[in-house]
Trainee: 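One structure, pasted below without further comment.
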Amino acid sequence: MSVKTPSKLEKIMAAGHFGVTSECGPPRGCNPEVIPHKAGFIKDYVDAINVTDNQTAMTRMCSLAACIKLKLMGVEPVLQMVCRDRNRIALQSDILGAAAFGINNMLCLSGDHQSFGDCRQGQNVYDIDSMQLLQTVRLMRDEGKFLGGGDLDGRPRMFVGAAENPFADPFEIRVPRLAKKIAAGAEFIQTQCIYNLDKFELWVKQARERGLTEKVYIMAGVTPMKSVGMAKYMKNRVPGMDVPDELIKRMSGVAKEKQAGEGVKICIETIQRLKEVPGVKGFHIMAIEWEEKVPEIVKGAGLYPRPVVD
Amino acid sequence: MIVAEQKKLEEIVGQIQDFNKILLVGCNECVTVCEAGGKKEVGILASALRMYFLNHGKEMTIDEVTLERQCDHEYLEEIRDMQDKYDAVLSLACGVGVQFMAEKYHDKPVYPGVNTCFLGATEERGLWTERCQACGSCILAYTGGICPVSRCAKRLMNGPCGGSTNGKCEISKETDCAWQLIVNRLKALGRMDDYEKLMPLKDWSTDRAGGPRKVVKEDVQL
Amino acid sequence: MRLNYPANLKIIRVPCTGKVDVIHLLKAIERGADGACVIGCMEGECLYNRGNFRARKRVMQARKVLRSVGIEEERLQMYNLSSSEGPKFALYANDMTEKIKALGPNPLKAAKAKLKAA
């Protein structure tokens with residue numbers, strides 16, 4: 001896969017290294033220190049940092065502003081954009097704004113339904129969906145066109161990604177769905193948190209058989225568990241999450257004060273196993289409100305130091 | 001059909017309590033089928049309102065009439081002389097009927113007695129579910145006859161999203177995932193290849209987004 | 001069986017309790033009855049299978065309406081017996097009368113009188 005954008009993340013994976021990303025959730029307020037503080041822990045251990053877009057539909061500082069903050073401190077951001085809150089005018093406009101600040105990575109998402117968040121009574125937009133957002137960015141980047149047909153003055157040079165949940169139902173469409181996202185323009189995929197490794201490997205194998213792993217960089221998503229309580233919550237309450245019982249058993253088998261350490265250990269073991277899976281090109285470490293653990297995980301998994309590309 | 005649900009009595013009382021003579025008007029069409037505003041419901045609501053006001057020490061006349069339809073001039077005309085004798089009209093028709101009534105009897109206060117909910121079907125007695133959002137450009141041909149606009153909480157054209165679990169939607173375990181239904185249907189029809197076709201951006205100009213809509217069929221106009 | 005039951009009970013015969021509608025029960029109260037009860041066949045023994053179940057649902061629906069207008073819902077009751085159970089009928093009739101006596105007269109009667117006087 002040839003490099004098409006100035007994205008450092010793209011260059012690293014194109015050079016054959018594992019890409020490593022993590023994420024930061026913007027604050028529930030306008031405190032300008034939160035993002036630099038969180039990013040401070042991880043910036044030297046990852047290639048780029050995703051900034052979530054009002055995740056779980058809780059209103060937060062906007063992703064674009066937080067990405068600009070990162071950019072200004074010399075960190076490469078991945079702008080997450082959900083289709084829930086903006087119509088095609090706003091989405092295109094934000095893409096241009098991001099590009100103007102030298103943001104070169106974007107992740108296109110549908111977004112959690114607003115009923116999960118703090119504005120249950122709000123409208124949702126869903127003018128377009130995540131696949132159509134992928135198409136939109138690619139149209140702007142590759143053809144220099146707006147959706148409305150007009151010409152762009154300067155193209156947004158975005159390395160374009162999408163999320164995939166290999167564990168969501170129905171399973172038989174997970175690979176066709178990946179193919180569809182690639183057809184829509186996805187160049188990298190960050191997956192949902194992986195706990196059921198067998199199922200994930202089956203999904204990658206099927207993707208490989210269709211030649212999809214040659215067309216897209218698959219970044220395996222991992223999230224360290226803080227406690228057995230969190231594991232159970234993920235299993236039972238988070239839609240589309242597959243947490244095997246053995247994992248909960250393993251977490252509950254250690255003393256409470258040691259569970260966090262065990263969670264980090266499991267996370268490292270997961271990365272080490274998945275590094276051997278052909279088709280896996282990187283890792284997306286989502287340490288939810290636990291950013292300070294990212295260095296330990298990256299080092300433990302043998303992904304440090306991060307490669308340097310020009 | 002249009003599915004509606006009767007408003008709570010307190011809300012209706014709040015709307016009409018300052019009047020003395022109310023004409024309660026039902027409709028024989030959709031709201032009869034969904035048991036929200038037909039003749040039967042008119043009778044029950046009228047009785048309830050009469051008892052309510054009497055019990056609260058207020059003299060209130062509530063008279064009943066049910067029209068064939070409230071969304072057609074000819075049926076609404078039937079109460080032209082009658083409505084004069086009342087302070088206000090309480091309509092149990094859908095939002096269309098209420099508005100048509102208000103337009104026709106311009107100086108008569110008209111109040112809605114039901115909440116108009118959606119376009120749906122009777123799944124079983126007492127259970128109505130949504131099937132259509134009248135987006136104005138039907139895509140059922142491409143989705144195996146199941147509508148993602150009305151049945152997916154995110155109206156995804158290329159679903160399902162990552163929240164689909166065991167055939168249910170992320171918003172509730174009671175709600176079917178529309179895209180699971182679509183996939184099941186495409187499978188049954190032997191059309192799974194269609195699943196991988198990207199659905200283009202939808203033209204929402206025929207939807208509510210395009211402003212109030214109009215259908216004109218000139219060849220039948222007089 | 002010469003059984004006694006209260007004379008204040010007016011009996012309205014219907015072919016099946018499934019014929020009784022919500023509006024009949026409401027009209028009874030609206031027009032001043034202190035209470036009304038539906039006495040149907042034993043559950044599971046309806047000649048039309050579900051007539052008495054429908055009746056019970058409708059009594060519940062009518063009770064909900066009474067509650068919303070501020071009238072004691074206990075003024076409406078549903079009982080079940082089989083046709084050979086004369087003593088049970090008398091028992092129910094007495095039970096209903098006791099319930100209503102405890103509630104006192106239908107408040108709508110007093111309200112109507114007050115409005116007329118004003």
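Owing to the predicted nature of the structure, the values given are computational and were not obtained by experimental measurement.
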Trainee: Is the number of heavy atoms from other residues, nucleotides or ligands under 6.0 Å of B/Tyr142 OH greater than 12?
Mentor: no

Trainee: What I'd like to find out is whether the side chain of A/Ser110 reaches to under 4.5 Å of the side chain of B/Leu156, using heavy atoms alone.
Mentor: yes

Trainee: Looking only at heavy atoms, what is the nearest atom pair of A/Met131 and B/Leu198, with distance?
Mentor: SD-CD2, 3.8 Å

Trainee: Where on B/Lys197 is there a heavy atom nearer than 4.5 Å to chain A: the side chain, the backbone, both, or neither?
Mentor: backbone

Trainee: Which heavy atom of A/Pro170 sits nearest a heavy atom of B/Val183, and at what distance?
Mentor: CG-CG1, 4.1 Å

Trainee: Between A/Arg177 and B/Cys161 (side chain of the first, backbone of the second, donor and acceptor by atom type, cut-off under 3.5 Å), is there such a pair?
Mentor: no

Trainee: As an exercise, state the distance from NZ of A/Lys180 to CG of B/Asn158, rounded to the nearest 0.5 Å.
Mentor: 4.0 Å

Trainee: For each of A/Ala168, A/Pro176, A/Ala183, tally heavy-atom pairs with chain B at distances under 4.5 Å, and name the one with the top tally.
Mentor: A/Pro176

Trainee: Just wondering, are more than 12 heavy atoms of other shown residues or ligands nearer than 6.0 Å to CD in B/Glu5?
Mentor: no

Trainee: Verify the neighbour count for atom NZ of B/Lys173: are there more than 12 heavy atoms of other residues, nucleotides or ligands below 6.0 Å?
Mentor: no

Trainee: Quick check: do B/Met157 and A/Ile128 have side-chain heavy atoms less than 4.5 Å from each other?
Mentor: no

Trainee: Assess whether atom NZ of A/Lys232 is packed by more than 12 heavy atoms of other residues, nucleotides or ligands within 6.0 Å.
Mentor: no

Trainee: Do any N or O atoms from the side chain of A/Asp169 and from the backbone of B/Asn166 form a donor-acceptor pair under 3.5 angstrom?
Mentor: yes

Trainee: Check whether A/Val238 gets within reach of chain B through its side chain, its backbone, both or neither, counting any heavy atom under 4.5 Å.
Mentor: neither

Trainee: Of all of B/Ser172, B/Cys177, B/Pro200, which one pairs up most often with chain A through heavy atoms under 4.5 Å apart?
Mentor: B/Pro200

Trainee: Looking at B/Arg208, I'd like to know if its CZ atom is crowded, meaning that more than 12 non-hydrogen atoms belonging to other residues, nucleotides or ligands lie closer than 6.0 Å.
Mentor: no

Trainee: Where on B/Lys154 is there a heavy atom nearer than 4.5 Å to chain A: the side chain, the backbone, both, or neither?
Mentor: both

Trainee: Which distance, rounded to the nearest 0.5 Å, do you find between the NE2 of A/His113 and the OG1 of B/Thr175?
Mentor: 9.5 Å

Trainee: Is it true that atom CD of B/Glu218 has more than 12 heavy atoms of other residues, nucleotides or ligands lying nearer than 6.0 Å?
Mentor: no

Trainee: Quick check for you: among A/Gln192, A/Arg210, A/Met241, which has the greatest number of heavy-atom pairs under 4.5 Å with chain B?
Mentor: A/Arg210

Trainee: Are any of the side-chain heavy atoms of A/Arg88 and B/Trp204 separated by less than 4.5 Å?
Mentor: yes

Trainee: Would you say that more than 12 heavy atoms from the other residues, nucleotides or ligands in this model lie under 6.0 Å from the CG of B/Leu189, or not?
Mentor: yes

Trainee: Under 4.5 Å from any heavy atom of chain B, what part of A/Glu164 do you find: side chain, backbone, both or neither?
Mentor: neither

Trainee: NZ of B/Lys108: more than 12 outside heavy atoms within 6.0 angstrom?
Mentor: yes

Trainee: Please classify the contact of A/Leu109 with chain B as side chain, backbone, both or neither, using a heavy-atom distance under 4.5 Å.
Mentor: neither

Trainee: Give a yes or no on whether a salt bridge exists between A/Arg237 and B/Glu170, defined as a side-chain N under 4.0 angstrom from a carboxylate O.
Mentor: no

Trainee: Identify which part of A/Asn87 has an atom lying under 4.5 Å from any heavy atom of chain B, answering side chain, backbone, both or neither.
Mentor: neither

Trainee: Please classify the contact of A/Phe116 with chain B as side chain, backbone, both or neither, using a heavy-atom distance under 4.5 Å.
Mentor: side chain

Trainee: Between A/Ser115 and B/Ile171 (side chain of the first, backbone of the second, donor and acceptor by atom type, cut-off under 3.5 Å), is there such a pair?
Mentor: no

Trainee: Before giving the answer on side-chain contact (heavy atoms from CB on, under 4.5 Å), spell out for A/Gln135 and B/Leu201 the whole-Å C-alpha distance, their side-chain angles and the decisive distance to 0.1 Å.
Mentor: CA-CA 9 Å; A/Gln135 290 178 301; B/Leu201 279 72; 4.1 Å; yes

Trainee: Considering only heavy atoms from C-beta outward, does the side chain of A/Ile173 approach that of B/Pro160 to under 4.5 Å?
Mentor: yes

Trainee: Is there a donor-acceptor pair closer than 3.5 Å between any side-chain N or O of A/Gln132 and the backbone N or O of B/Met199?
Mentor: yes

Trainee: Shorter than 4.5 Å, heavy atoms on both sides: which option in A/Gly111, A/Cys83, A/Pro166 has the most such pairs with chain B?
Mentor: A/Gly111

